[in-house]
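Comments concern the structure below.
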Amino acid sequence: MLLSGRVAVVTGAGQGIGKAIALKLASWGADIAAVDVNLDAATETAREVKAMDRRAAAMKVDVVSVKETEEMAEKIFKEFEGLHILVNNAGITRDGLILRMKEEDWDAVLNVNLKGTFNCTKACLKYMSKVRWGRIVNISSVVGVLGNAGQANYAASKAGVIGFTKSIAREFAGRNITCNAVAPGYIETPMTASLPEKVKEEIISKIPLGRLGGPNDVAEAVLYLTSNAGGYITGQVLEVNGGMSM
Ligand SMILES: NC(=O)c1ccc[n+]([C@@H]2O[C@H](COP(=O)([O-])OP(=O)(O)OC[C@H]3O[C@@H](n4cnc5c(N)ncnc54)[C@H](O)[C@@H]3O)[C@@H](O)[C@H]2O)c1
């Protein structure tokens, strides 16, 4: 098993892409800490992981809170006797054209998507450093690479995640800890479920592979980067978008 003996923390693991990542890593041998603000959803993910005969814990954590993320990392390290993989997946959108965008919409998106990634990374690096092995995967977005009208806050947060990823990769390469970003294109999850059919068709017309992605497409990329197979890859952005950008 590619990930036997590894302990993985997945944020936003209650649904969508985060849940698919948690189940994928578990199916390849990892124990899972399923972290989410929605405890019921995280608990269901943990239940499905346990059904695969892996260890799992569901944790209610708001990634915006320094205190909660520090306590999260400490608790996982103690309970699981290790902390090897972190997937910073929790994310939100608050879309709007810039002239109408409210300060709270800017702050909320930057806080969850960028500060949340900083908080969890800092908290978990402490424990990865102890064992001189670690894999961090940050979920960015095609929108962070290309920009998107109506998503200035989201695009800024996801572009910020890419710069953050490269900096951590440089700082921690000497300790055998890799840090990469996965930038999904349009993936069918609750986050994109509300897009009108016409908008979906327009998006699909710009995707060379001719379809929206599924959560599993993203999970496969994360699996690769967190396994030993991805051990010589750091500071990269793996775009999982059906060829939308190339
Ligand atoms: N769906 C897409 O098309 C797409 C495309 C590119 C990137 N992404 C990114 O992938 C990630 C997952 O997206 P998704 O579509 O599965 O979203 P989703 O809305 O379906 O799931 C997000 C999960 O994160 C949790 N969450 C939100 N705020 C949190 C917080 N403060 N602390 C802890 N957990 C929190 C939610 O409760 C939810 O379970 C996000 O970072 C998103 O920006 C999604």
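Counting convention: from 1, in listed order, for ligands and their atoms alike. Since we're looking at a predicted model, the values are computed, not measured.
Looking at heavy atoms from C-beta onward, N180 lies out of side-chain contact with L238 at the 4.5 angstrom threshold. Between T69 and V61, some side-chain heavy-atom pair lies under the 4.5 Å cut-off.
A salt bridge links E44 and R47; the closest N-O separation between the charged side-chain nitrogens and carboxylate oxygens is under 4.0 Å. Salt-bridge check for D217 with R211: passed, with a basic side-chain N closer than 4.0 Å to an acidic carboxylate O. Look at E48 and K19 and you find a salt bridge, because one of the NZ, NE, NH1 or NH2 atoms lies within 4.0 Å of a carboxylate O, short of that distance.
Clustering of Ile, Leu, Val, Met, Phe, Trp and Tyr side chains at separations under 4.5 Å leaves L97 isolated, with no partner residue.
Put simply, part of G185 is less than 4.0 Å from ligand 1, judged by heavy atoms. T11 does not count as a contact of ligand 1, since none of its heavy atoms falls under 4.0 Å from the ligand.
Placement of L25 and I139 within a single hydrophobic cluster is found when ILVMFWY residues are connected by side-chain heavy-atom separations under 4.5 Å, directly or transitively.
When the options L195, I187, T189, I203 are evaluated for a side-chain contact (heavy atoms from CB on, under 4.5 Å) with L212, the one that passes is I203.
Nearest-residue assignment for atom 31 (N) of ligand 1 (options D62, L195, N138, V109; heavy-atom criterion): D62. Comparing T93, V61, T117 against atom 33 (C) of ligand 1, the shortest heavy-atom distance belongs to V61.
Counting only N and O atoms by type, the side chains of T93 and Q151 include no donor and acceptor under 3.5 Å apart. Side-chain contact, N138 with T165: a donor N or O sits under 3.5 Å from an acceptor N or O.
Closest to atom 36 (C) of ligand 1 among all protein heavy atoms lies D36 OD1, 3.4 Å. The nearest heavy-atom contact from the protein to atom 32 (N) of ligand 1 is V63 N, 3.1 Å. The nearest protein atom to atom 26 (N) of ligand 1, hydrogens excluded, is given as V37 CG2, 3.8 Å; this is a heavy-atom distance. Scanning all protein heavy atoms for the shortest distance to atom 8 (N) of ligand 1 gives Y154 OH, 3.5 Å. Scanning the protein for heavy atoms near atom 24 (O) of ligand 1, the closest one is G12 CA, 3.4 Å. Regarding atom 18 (P) of ligand 1, its nearest protein heavy-atom neighbour is Q15 NE2, 3.3 Å. Nearest non-hydrogen protein atom to atom 14 (P) of ligand 1 is T189 OG1, 3.6 Å. Closest protein heavy atom to atom 27 (C) of ligand 1: I92 CG2, 3.8 Å.
Less than 4.0 angstrom separates some heavy atom of G16 from each of these atoms of ligand 1: 16 (O). Within ligand 1, the atoms closer than 4.0 Å to a non-hydrogen atom of M191 are 15 (O), 17 (O), 19 (O), 20 (O), 42 (C), 43 (O), numbered from 1 in the order shown. Near I139, the atoms of ligand 1 lying under 4.0 angstrom from a non-hydrogen atom of the residue are 9 (C), 10 (O), 11 (C).
Atom CG of N89 is separated from atom OG of S140 by 12.0 Å, given to the nearest 0.5 angstrom. Atom CZ of R55 sits about 4.5 Å away from atom CG of D31, to the nearest 0.5 Å.
Contacts between S140 and ligand 1 below 4.0 angstrom, taking non-hydrogen atoms only, involve the backbone exclusively. Contacts between N89 and ligand 1, counted as non-hydrogen atom pairs separated by less than 4.0 Å, involve both the backbone and the side chain. When heavy-atom distances to ligand 1 are checked against a 4.0 Å cut-off, I17 comes that close through both its backbone and its side chain. Only the side chain of K158 comes within 4.0 Å of ligand 1, judged by heavy-atom distances.
Between the side chain of E68 and the backbone N or O of D62 there is at least one donor-acceptor pair closer than 3.5 Å.
Residue Y186 has no N or O atom closer than 3.5 Å to an N or O atom of ligand 1. For the pair T192 and ligand 1, the shortest N or O to N or O distance does not fall below 3.5 Å.
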